[in-house]
**Student:** 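Pasting a structure below so you can have a look.
Protein chains get the first letters and strands the later ones, always in sequence-line order, with residue 1 at the start of each. The basis for the numbers below is simple: all heavy atoms, side chains too, and nothing from hydrogens, waters or symmetry mates.
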Amino acid sequence: MSRSQLDSLIHMANQIAANNAHYGDATVERVHSHLKKFWARSMKRQIVDYLQQDGSRLSPLAREAVERLAREQVARVG
Amino acid sequence: MLQYFDPKHVSPERDYGTPARLSGTLVSLEIDGTEISVPEGTSVLRAAALADINIPKLCASDNLEAFGSCRLCAVQIEGKRGLPASCTTPVENGMKVTTQNTRLAKLRRNVMELYISDHPLDCLTCPANGDCELQDMAGAVGLREVRYGFDGDNHLAAETDDSNPYFSFDPSKCIVCSRCVRACNEVQGTFALTIEGRGFDSKVAAGQSEAFMDSECVSCGACVQACPTSTLMEKSVIEQGQPEHSVITTCAYCGVGCSFKAEMQGDRVVRMVPYKGGDANHGHSCVKGRFAFGYATHPDRLKTPMIRESIDQPWREVGWEEAITFAAERLKAIQAKYGRESIGGITSSRCTNEETYLVQKLVRAAFRNNNTDTCARVCHSPTGFGLKATLGESAGTQTFDSVMKADVIVVIGANPTDAHPVFASQMRKRLRQGAELIVIDPRRIDLLKTPHHRDAQHLALRPGTNVAMVNALAHVVISEGLEDREFIAKRCDESGYQAWREFILEERHSPENVEAITGVPAEQVRRAARTYANAPNGAIYYGLGVTEHSQGSSMVMGIANLALATGNIGREGVGVNPLRGQNNVQGSCDMGSFPHELPGYQHVGDPAVRERFEAAWGVAIDDEPGLRIPNMFDAAVAGDFKALYVQGEDIAQSDPNTQHVELALRSLECLIVQDIFLNETAKFAHVLLPGSSFLEKDGTFTNAERRINRVRKVMPPLAGKQDWEVTVDLANALGYPMHYDHPSQIMDEIAGLTPSFAGVSYARLDELGSIQWPCNEVHPKGTPTMHIEDFPIGLGQFAITDYVESDELSNRRFPLLLTTGRILSQYNVGAQTRRTHNQAWHDEDVLELHPADAELRGVRDGDWVGITSRAGQTVLRARISDRMPPGVVYTTFHHPGSGANVITTDSSDWATNCPEYKVTAVQVEKVSQPSAWQRQFQTFDRLQLELLRGSAKDEAGQALSGARE
């Protein structure tokens, strides 16, 4: 049994959030920065698409970080 | 006066009789009229050898402590009585030594006469002829007759023990010099050999007078190397005769990176002898590097490029040009159809730095994306992440030799005696000298049973609870005030430390509170923390039991926290030391194999970095990271990723969740595999490019201590090309020009682009032997110990490592936890070692389970058991063992048909996606037949071997449909 590509990405984003939850004010930035630094373009696009369409399975912290990623992508395109 | 203080001045080609002494105090003496000054403690025998005066010897060797048994090295010393053995006599100031005179000559001749009176005189047909110290000494002392005759009692009828597949033991040739016994004790540390009996009855015995194969002997070859006669002799030499030349090169097995002399007859390897001048191994070896090289010329080697349209077709043998053109056209067509990011490549940790560099360059410059990854993804990627985040460099901090100054050795999630045997021998030497040992591992590893070492501490924690454990250890250090405040204040980031200190002092991290998670009694944790923190020098060594977890990166950072907090960084005897699995894992990471980093761990998102590479490579580089291996698999299954170039890796066998990997590989429209064998991955390939073994190419490997060692070609590539030449051809066929005449030019390019390699070149490597990076203007000879003054990031960074439970929890359906590992005789997926006599030790993977778990399930030793996880099921034979705690089962993955990775899941490290091989929730039950996957594997395997031999397409197609059902 294996997860779908999107399932994997959601799981990974939540895992990154869970492992960086104790950095006070820097927490969201750490998660966002990790996604930015280590995820491929297609992975970022898919998680942002998911956030925009549903996003319910993202933990609150992961969601905030992906929101930041989404804003950045918009800014980059714009 | 001759002065020998620096041990580097000695030649590794000579035997100086006794080991070097490193005292700073020099002692002056006169030998045969030559004045010489040597370090205090040096033997007269060694001092003489340093002055080029060769005293005859038989029982002495400079890798063994003096023994004084043969008496051949007797000398006369002015003012001393008798004729003392020079090997056991230390030098004294003003000593006057005579090594040759009539009295000594007579004594030595008498000694030799006695030896030869009980030795077969078959020198002309003896396999040691041409390399026999006994014969040499008979000549040196001028032995002309044996007055005792040969009719008396003797050992000439003693039977040969041929049980070991690689060497024979012929006691009729033995002179009982004890060199083999001492090598087993002092060099290898196994203590498998002994001298049995007394006086005339004395004889060498393995174990309890058993055959070598039945004893504790680990077949490292130290005894064979030590033997001065043909008593212990390589079977390859017995069969082929003495080698006529040799080439120094580097072993292609584990991350220790031993130097070897490939001893040759023409282009045929006769034997591999560990090279005394090798800085990683100092002349020692293990069964793999020493003996298991036969795979290189195994009949299974691929010698011709092959192509096919689909994986249900027979392979078609073609020339190199046609294969490369076929591959390039397919890649171009796929990119045209599915986009630039639809293809990628995997570099190999078994290939050289130069080859790895070229594959990632091919991906970035010719594929024009960053979809490059390496098998380090599935082993040490958390090391790269964790150490860079905390210490600023993605590598271990020490040399192997550093362990000789450690007072406390902490081994976490590693099994050095099996996976890094030569370094384990060095560790054991230090343990015998009195260092303390702490092992943190669910299994009772063999290092805990080190002979002549006592009171090892074993924290047998539950799999998946490493981070809870390391936090508890750090909690004790801080709460009991055992931290190194001066080091922290001077070398670490203050605010980061305060935040971490506050976190780690939380009561939830106390050993008492963590006990329920780890299963380890709090008092054991407190004792271990105190032992490490209070040690003058505490060194941590870790392996895949740290990295291959959902919190692998957190654990690496937790280890770095512990070392920083106790000031165990920046000098010899301390440090954070990842034990790398494959020969060039460190190198493959250094060379930019990861999708987010260019060579030298330089991020692709950094415009300044990209600019330098773009200028050198003449092409724009994507500024976004590419896909990692598991992301490639997911994308392939989803239909977005269509082609993959795999050099020297077997992802179908080594990566977790085999069925998912197979599905991904089947989804590819073009899989190009470059390998020396038809490995499991190649069975899904469309293009097969024959690889070259380490004996067939030039290059470099970088070992676990950052040591760059030369790999030297000793025979021509069987298929006509070295691996780097194939990558060059592929790049050119894709329209990206690559031109190199020799790997040294590739290294020059690496040095120009990678700051930590700036001073590395083949000329420099030939001059220095090996170089530990960083090697640059500041460190022109390399950097044995890192972080002495500061960190590459300035100050050490403490990381907050909260324990997050793994998804792989045991429950009623899957009540046991499976953990996987390695065994001494086999290497990784076994592609090499399974094609050698190492099969004699381990010809199948078995499931080790605790007697309590076995009894509960009615399982007896040798029964077939089904192991089922959330990912799949496989069947293995059971071995009852109490090396794991109840509730934990263990297996290896050296044999493809075992399907160990059918069970492992896609759970992975949060930061790097390194798979969680070390924790899988499973159920185990008695079964009577192989699993469905194993039956399918057998059918598919048979089919692909038939297709390799060119079976009819129709037949193949039918069989494949059957296999899929």
Side-chain angles (χ1 to χ4, degrees), chain A residues 1-50 53 57-66 68-70 72-77, chain B residues 339 341-342 344 369-371 385 467 499-500 503 550-551 553-554 594-597 603-605 622-628 630-641 656-657 659-661 663-664 799-805 807 869-872 905-913:
Chain A
M1 187 184 72
S2 58
R3 289 188 284 250
S4 76
Q5 195 177 12
L6 181 61
D7 287 342
S8 291
L9 296 178
I10 295 167
H11 185 263
M12 283 158 59
N14 289 338
Q15 246 189 316
I16 295 164
N19 278 280
N20 285 280
H22 293 271
Y23 280 92
D25 295 344
T27 295
V28 177
E29 186 42 39
R30 281 185 77 93
V31 179
H32 162 251
S33 156
H34 190 92
L35 296 173
K36 189 177 162 185
K37 212 171 154 186
F38 297 101
W39 280 30
R41 183 184 287 111
S42 58
M43 294 159 69
K44 289 173 188 159
R45 195 169 52 229
Q46 285 178 69
I47 201 76
V48 167
D49 284 352
Y50 170 69
Q53 285 162 22
R57 285 191 286 150
L58 287 171
S59 71
L61 175 53
R63 192 186 173 92
E64 269 192 86
V66 177
R68 200 170 281 195
L69 200 63
E72 200 171 64
Q73 283 193 353
V74 169
R76 207 169 160 174
V77 171
Chain B
E341 295 176 8
S342 61
N369 63 42
N370 287 319
N371 290 335
F385 178 89
V467 174
W500 176 77
F503 160 80
S550 63
Q551 283 202 289
S553 292
S554 302
F594 289 142
H596 65 288
E597 282 168 338
H603 201 275
V604 293
D622 195 338
D623 63 352
E624 285 277 355
L627 294 166
R628 299 176 282 206
N631 313 139
M632 290 181 195
F633 293 152
D634 286 351
V637 171
D640 304 329
F641 189 77
N657 196 353
Q659 292 176 91
H660 183 63
V661 176
L663 186 59
I800 293 178
T801 54
D802 207 7
Y803 168 63
V804 178
E805 209 168 49
D807 291 342
S869 73
R870 294 173 181 91
T905 69
D906 42 20
S907 177
S908 68
D909 172 45
W910 66 268
T912 64
N913 277 147

**Student:** Counting heavy-atom pairs closer than 4.5 Å to chain A, which one of B/D909, B/D802, B/T801 comes out on top?
**Tutor:** B/D802
**Student:** Side chain, backbone, both or neither: which part of A/K44 has a heavy atom under 4.5 Å from chain B?
**Tutor:** side chain
**Student:** Between B/F385 and B/H596, is the gap from one ring center to the other below 6.0 Å?
**Tutor:**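 When the ring centroids of B/F385 and B/H596 are compared, they turn out to be at least 6.0 Å apart.
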**Student:** Count the heavy-atom pairs under 4.5 Å between each of A/M43, A/H22, A/M12, A/K36 and chain B, then report the option with the highest count.
**Tutor:** A/H22
**Student:** Check each atom of B/S550 against the heavy atoms of chain A and say whether the ones under 4.5 Å are side chain, backbone, both or neither.
**Tutor:**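 Both backbone and side chain of B/S550 come within 4.5 Å of chain A.
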**Student:** Taking A/V31's backbone N and O only, do any of them form a donor-acceptor pair with A/N20's side chain (distance below 3.5 Å, no angle check)?
**Tutor:** no
**Student:** To the nearest 0.5 Å, tell me how far A/I16 CD1 sits from A/F38 CZ.
**Tutor:** 9.5 Å
**Student:** Using the rule given for side chain to side chain contact (heavy atoms under 4.5 Å, CB included), can you reason through B/D634 versus B/L627, listing the C-alpha separation, both sets of side-chain angles and the distance that settles it, and then say yes or no?
**Tutor:** CA-CA 10 Å; B/D634 286 351; B/L627 294 166; over 6 Å; no
**Student:** Going through the distances and angles, do A/I47 and A/W39 end up as a side chain to side chain contact (heavy atoms under 4.5 Å, CB included)?
**Tutor:** CA-CA 10 Å; A/I47 201 76; A/W39 280 30; 4.0 Å; yes
**Student:** Check whether B/A911 gets within reach of chain A through its side chain, its backbone, both or neither, counting any heavy atom under 4.5 Å.
**Tutor:** both
**Student:** With only heavy atoms counted, which part of B/D622 is less than 4.5 Å from chain A, the side chain, the backbone, both or neither?
**Tutor:** side chain
**Student:** Hey, mind stepping through B/F594 and B/T912 against side chain to side chain contact (heavy atoms under 4.5 Å, CB included) and telling me if it holds?
**Tutor:** CA-CA 10 Å; B/F594 289 142; B/T912 64; over 6 Å; no
**Student:** Tell me, side chain or backbone of B/N913 under 4.5 Å from chain A's heavy atoms, or both, or neither?
**Tutor:**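 Side chain only.
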**Student:** Indicate yes or no for a side-chain donor-acceptor contact from A/Y23 to the backbone of A/E29 under 3.5 Å, with no hydrogens or angles considered.
**Tutor:** no
**Student:** Given heavy-atom pairs under 4.5 angstrom as the criterion, report whether the side chain, backbone, both or neither of A/H34 touches chain B.
**Tutor:**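 Contact with chain B is through the side chain of A/H34 alone.
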**Student:** Sort B/D640 into side chain, backbone, both or neither according to what part of it lies under 4.5 angstrom from a heavy atom of chain A.
**Tutor:** side chain
**Student:** What part of A/N14 lies closer than 4.5 angstrom to a heavy atom of chain B: side chain, backbone, both or neither?
**Tutor:**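 Interface part for A/N14: neither.
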